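Here the structure comes first, spelled out in structure tokens, and everything after it is commentary.
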Amino acid sequence: MVWIRHDHDTKNMKWVMGLLMVLFFIAMAFLQFTAAAAIVFVLAVISLQMLYFKHVGKKLAFQNDRIRRRVLHGGDSSWQLVFKNDGMPIWGGQLKIWFHNAVEPKGTKITSYGDLVEMDLPFTIGRNQTVEIEVPITGERRGVSRIKKMEVLIPHPFGEGSITLEYQPTILHEQLVFPKLRKSPFRYAPSRHKPGQFNLQHSLFDDAFQPIGTRDYVSTDQFNQIHWKASVRMQNYQTKIFSRVANESMLFALNISTLYGTIHNMEERIEELASYIENCFTTGVPYAIAVNIRSAGKMPYLYLAAGQGQKQRQQALELLSVISKNSSTLPYRTMLGHLDMHTELPYTTYLLTDEPQEATRFITIWSSRTELTVVRNRKERDPA
């Protein structure tokens, strides 16, 4: 059953119908035909009303497609609710929705209950009609917002009372609010000892796909480096000159666990990591992310393999958005130990942790294998 029906004041209507039936027989017994006719008219209205409420909403369908929308902090989005009605029309109804306060309605006075926001919307739909209701919203805080509950309130066409239709299935609409993107100190140094895609004048490696010019041939040049068209044009052998390239990749390992759950400044740390991600995206640096939140799969924690570009940025921000203060964590040293055994460390590694003592062993080991930076919380950092 898709809709759960809650009837209000229908018992009173049945009691009134019983009373009117008694009055009708009394009026007929005393030959009061005018009164009997009035009673019959009232009985007919109540009967039609009860018949209406017996069938209204039975063929009301909500289009519950899986929709995930991504919203920047402070950005605009909307809930799009589509209803189709193949049954009795609904007039003057009211739609009530409750959703998580990661998003809030635009320009509307809202009622908030803890982490939930309640909204009331007018709702009218005719027979064989499809209605789309759009609710403009704004991303207020990092996280995932889902519609937790939805009800349609249908008032009595005549008299008091109403029927409430409560939508039973889980609503699959989501709004994913990305963390704030702010500027944070950031540095990286390309490796001259590994080939890659970053231009570096003193690198040992050439990019065969990026010729930038030619020069006169010398006896030590390889034969496959001769630029034949340029040689014909110059009437002298010419050798291709390629861009010097170096490798750069990064790993960000974020610690959000404490003895009693998650750290108190979790939002600040997530926003800081989001700013690093934005810098990597801007400069084209590939990066990987590890967060010590328990996860099912090959990696027992949240992990995003190294990559770059718009798709990597979106996946990284989505990963940070779903982290909650109620998420189950694992010890930071456990995650670092798993990374040490199952992944190859990139050239640069950032350890974002408020408790560096948990990572002391790995700081010692990794310092000789990667350009390691330990980023403590802002209160404990050394002044610039």
Side-chain angles (χ1 to χ4, degrees), residues 66 68 70 100 102 142-146 170 172 174 176-179 249-277 280-281 285-309 311-377:
R66 184 176 295 278
R68 168 175 280 191
R70 299 161 183 85
H100 294 281
R142 182 198 62 82
V144 182
S145 180
R146 300 182 179 91
T170 301
L172 304 178
E174 293 181 352
L176 199 62
V177 183
F178 290 162
S249 57
M250 307 192 71
L251 168 65
F252 298 102
L254 173 62
N255 178 22
I256 67 165
S257 71
T258 63
L259 185 62
Y260 302 103
T262 56
I263 56 178
H264 69 282
N265 58 337
M266 184 177 70
E267 293 300 323
E268 179 184 342
R269 298 297 268 176
I270 290 176
E271 290 173 7
E272 184 175 13
L273 178 51
S275 70
Y276 292 155
I277 291 170
C280 286
F281 170 70
V285 178
Y287 57 92
I289 297 175
V291 185
N292 57 334
I293 293 291
R294 295 186 183 275
S295 176
K298 183 179 179 181
M299 295 295 200
Y301 44 85
L302 292 182
Y303 181 76
L304 179 64
Q308 64 185 117
K311 184 178 180 180
Q312 179 78 356
R313 173 180 181 260
Q314 178 176 309
Q315 291 177 340
L317 293 177
E318 286 183 6
L319 181 145
L320 297 182
S321 298
V322 300
I323 296 174
S324 166
K325 62 183 179 181
N326 300 319
S327 299
S328 177
T329 63
L330 75 162
Y332 192 53
R333 58 181 175 274
T334 302
M335 183 182 74
L336 297 182
H338 190 276
L339 285 169
D340 186 59
M341 294 179 60
H342 296 85
T343 60
E344 181 181 354
L345 291 178
Y347 186 70
T348 302
T349 300
Y350 271 51
L351 301 182
L352 291 84
T353 176
D354 294 350
E355 300 177 358
Q357 61 274 14
E358 286 194 27
T360 303
R361 171 171 169 262
F362 298 98
I363 292 174
T364 304
I365 298 173
W366 289 5
S367 295
S368 60
R369 297 163 51 189
T370 179
E371 289 288 333
L372 186 64
T373 301
V374 180
V375 185
R376 298 175 294 176
N377 63 53

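Keep in mind the model is a prediction, meaning the values are calculated, not measured.
A distance of 5.5 Å separates CZ of F178 from CD of Q314, quoted to the nearest 0.5 Å. Interatomic distance, CG of L254 versus OH of Y332, reported as 7.0 Å (0.5 Å rounding). In this structure, CG on D354 lies 6.5 Å from NE2 on H264, to the nearest 0.5 angstrom.
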In sequence, state the C-alpha distance, the side-chain angles, and the governing distance for L336 and E358, and then conclude on side-chain contact (heavy atoms from CB on, under 4.5 Å). CA-CA 10 Å; L336 297 182; E358 286 194 27; over 6 Å; no
Run L317 and R70 through side-chain contact (heavy atoms from CB on, under 4.5 Å) and show every step you take. CA-CA 10 Å; L317 293 177; R70 299 161 183 85; over 6 Å; no
Yes or no on side-chain contact (heavy atoms from CB on, under 4.5 Å) for Y287 and R313, after CA distance, side-chain angles and deciding distance? CA-CA 10 Å; Y287 57 92; R313 173 180 181 260; 4.0 Å; yes
Could you go through I277 and L320, starting from their C-alpha distance and side-chain angles, then the distance that decides it, and tell me whether this counts as side-chain contact (heavy atoms from CB on, under 4.5 Å)? CA-CA 11 Å; I277 291 170; L320 297 182; 3.7 Å; yes
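The backbone N or O of V177 lies less than 3.5 Å from a partner atom in the side chain of S321, making a donor-acceptor pair. No donor-acceptor pair under 3.5 Å is formed between the side chain of T373 and the backbone N or O of Y350. A donor-acceptor contact shorter than 3.5 Å is absent between the side chain of T370 and the backbone of L372. For T349 (side chain) and L251 (main-chain N/O), no donor-acceptor pair under 3.5 Å exists by modelled atom type.
The minimum heavy-atom distance linking P179 with A274 is given by the pair CG-CB, 3.7 Å. When every heavy atom of M250 is checked against every heavy atom of C280, the shortest pair comes out as SD-SG, 3.9 Å. Across every non-hydrogen atom of E272 and V375, the tightest pair is OE2-CG1, 3.4 Å. When all heavy atoms of M266 and T262 are compared, the pair lying nearest together is SD-CB, 4.1 Å. Heavy atoms only, all atoms of each residue included: M335 and A253 are closest at CE-CB, 4.1 Å. Between Q308 and P286, the shortest heavy-atom distance links the atoms CB-CA, 3.9 Å.
Residues W366 and L351 meet the side-chain proximity criterion, which asks for heavy atoms closer than 4.5 Å. Counting only heavy atoms from C-beta outward, the side chains of I323 and R142 approach each other to under 4.5 Å. Between L339 and F362 the shortest side-chain heavy-atom distance does not fall below 4.5 Å.
In this structure, the side chain to side chain donor-acceptor pair (under 3.5 Å) partners of R369, at least two apart in sequence or on a different chain, are D340. In terms of the side chain to side chain donor-acceptor pair (under 3.5 Å) criterion, residue partners of E174 (sequence neighbours excluded) are, by chain and number, R68, R146.
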Show the atom names and distances, to 0.1 Å, of all donor-acceptor pairs under 3.5 Å that link a side chain in residues 289-304 to residues at least two apart or in another chain.
| unit_1 | atom_1 | unit_2 | atom_2 | d |
| --- | --- | --- | --- | --- |
| N292 | OD1 | I256 | N | 3.0 |
| N292 | ND2 | N255 | OD1 | 2.9 |
| N292 | ND2 | S257 | OG | 2.9 |
| N292 | ND2 | L330 | O | 3.0 |
| R294 | NE | T329 | O | 3.0 |
| Y301 | OH | H338 | ND1 | 3.0 |

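Aromatic ring pairs are classed by plane angle as parallel below 30°, tilted from 30° to 60° and perpendicular above 60°; the pair F252 and Y276 is parallel.
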